[in-house]
Amino acid sequence: MKIEKVVGYQVLDSRGRPTVAAAITLSDGTTHTARVPSGASTGKHEAKELRDGDSPTANKFYAGKSVNQAVTNINNLIAPTLLDKQISLPDVDTQLVDLDPSDDHAKLGANATLAVSLAAAIADAHSQNKSLVRLFNGDGDLEIPMPMVNILSGGAHAGRTLDIQDVLVVPNGAISFTEALSWIVAIREAAAKMGAADGKVTHLIADEGGLGIPFESVAAACEFVVKVIESVGLNPSTDVSIALDIASTQFFDGANYNLKTEGKSLPSADFVQYISKLINNQPILSIEDPFAEDDWSAWQQFMQVAPKRLQVLGDDLLTTNLNRLNKAIAENSANAILIKANQNGLVTSTLNVLKQARANNFNTVVSARSGETEDSWLADLATGWRAGQIKVGSTHGSERTAKWNRLLELEATEESSFANPFN
Ligand code: 2PG
Ligand code: MG
């Protein structure tokens, strides 16, 4: 099947900010569309999202965030090179690299390249009469990923009610995704009720649907979530564990980690101890970005003392970038990687990063961004790539439930098992 038309255009994400969509029409008359997500606590080493700023192409009502240049790049630079070619994801991605060989896709914009790459994946699957998940998984049984779900939000997503970005839960004792999600919904509801009973503000819903409840410390937030887990009749650790996204780059000033709510300003070595203490005192199974994106030595120090069972997850540290992943593997800086397609800019090279991580015994967590759309391709990628884990934010907001509901659909309609990397 041939590519007949490629159109880029601007749409809105879940924060009401512009983002890029691409639609590919094939010779059978069908059109396949993908929309790209966007982060708020973005790492310095991510592929470059093109935004108009104050350029002449900007729509001033979008306060510098319009994406007209990225859209123009799709329509004027990318589309002409793809027309009349056979649809094939690898070929489209190769073409995108030819047009912009830079690692960060700064010329075309990673939001432009990823929109086209994702639309190409969806169109390619269609041309082979497959769903997106089957394009990657083939015919065998699927493996539905273990969810990591946001309960409490802070940092850049919730007006810094808490210094760290997320307190999440992982239903590591559930036997199916369907069961796992029901546990999480109960925990999310109980957290809102118990927060209100404690006299805390629970009406602040953060960017990813988590509760923006203020806490005096990270430990207090964890203790609260432990109480919530128990309140719904589940066991902390054996049924449901805590995962933290510290997002520490956000409060590292180059010398110290500044925890405002705790009134602490700690140099790296002390912050390694602070994180170690937290891990030892709480049922934490995964910790993301405990140290800043370029504070490599703190990561290495921590890996020396971290319990073997702990998932040490690099997001801003690794930015779904092969070179940074290889450095982390060589230097033993982490043991898991967050996989975000828009940090990378292309579907195939994102998958290559995931494969390299897996080949080196890193856990892989496919992740949404804080600015999301109604698309559900993330669920298909995480499952088709057999990532083992997926992080989407909370269970609130249609841009989040679109992914959870797609996983429920896959579990209900296809032969599958439920991944448990923590067994
Ligand atoms: C993260 C993500 C999702 P953002 O830090 O892991 O929670 O946030 O998309 O804002 O980078
Ligand atoms: Mg993160």
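Atoms within each ligand, like the ligands themselves, are counted from 1 in listed order. For this chain, numbers begin at 1 and follow the sequence in order.
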query = Are the charged groups of Asp375 and Arg35 less than 4.0 angstrom apart, N to O?
reply = yes
query = Knowing that exactly one of Asn323, Thr320, Asp103, Asp294 qualifies, which makes a side-chain hydrogen bond (donor to acceptor under 3.5 Å, both in side chains) with His45?
reply = Asp294
note = Sequence neighbours excluded, the answer for salt bridge (charged side-chain N to carboxylate O under 4.0 Å, His left out) partners of Asp380 is Arg406
task = Could you tell me whether the side chain of Glu399 and the main chain of Glu372 form a donor-acceptor pair under 3.5 Å?
result = no
ask   = Is it the case that Gln311 and Asn335 place a side-chain donor and acceptor less than 3.5 Å from each other?
value = no
note = Between Pro283 and Pro236, the two heavy atoms sitting closest are CG-CB, 4.1 Å
Mind listing the N or O contacts between ligand 1 and protein, cut-off under 3.5 Å?
| unit_1 | atom_1 | unit_2 | atom_2 | d |
| --- | --- | --- | --- | --- |
| ligand 1 | 5 (O) | Ser41 | OG | 3.4 |
| ligand 1 | 5 (O) | Gln165 | NE2 | 2.8 |
| ligand 1 | 5 (O) | Asp245 | OD2 | 3.2 |
| ligand 1 | 5 (O) | Asp315 | OD2 | 3.1 |
| ligand 1 | 6 (O) | Asp245 | OD2 | 3.2 |
| ligand 1 | 6 (O) | Glu288 | OE2 | 3.0 |
| ligand 1 | 6 (O) | Asp315 | OD2 | 3.0 |
| ligand 1 | 6 (O) | Lys340 | NZ | 3.2 |
| ligand 1 | 6 (O) | Lys391 | NZ | 2.7 |
| ligand 1 | 7 (O) | Glu208 | OE1 | 2.7 |
| ligand 1 | 7 (O) | Glu208 | OE2 | 3.2 |
| ligand 1 | 8 (O) | His157 | NE2 | 3.4 |
| ligand 1 | 8 (O) | Gln165 | NE2 | 3.4 |
| ligand 1 | 9 (O) | Arg369 | NE | 2.8 |
| ligand 1 | 9 (O) | Ser370 | N | 2.8 |
| ligand 1 | 9 (O) | Ser370 | OG | 3.2 |
| ligand 1 | 10 (O) | Ala40 | N | 2.7 |
| ligand 1 | 10 (O) | Ser41 | N | 3.0 |
| ligand 1 | 10 (O) | His157 | NE2 | 2.7 |
| ligand 1 | 10 (O) | Ser370 | OG | 2.6 |
| ligand 1 | 11 (O) | Ser41 | O | 3.3 |
| ligand 1 | 11 (O) | Ser41 | OG | 3.2 |
| ligand 1 | 11 (O) | Arg369 | NH2 | 2.7 |

inquiry  = Holding to side chain to side chain contact (heavy atoms under 4.5 Å, CB included), I want the full list of residues that pass it with Asn59, two or more places apart in sequence or in another chain.
reply    = Phe61, Tyr62, Ser66, Asn68
Note: Arg51-Glu49 ion pair, threshold 4.0 Å (strictly below) = yes
message = So that I can tick it off, tell me whether Lys391 and Asp245 are bridged by a salt bridge, with the cut-off set at under 4.0 angstrom between side-chain N and carboxylate O.
response = yes
Contacts of the Mg ion (ligand 2) with protein N/O/S atoms, counting only those under 2.8 Å = Asp245 OD2, Glu288 OE2, Asp315 OD2
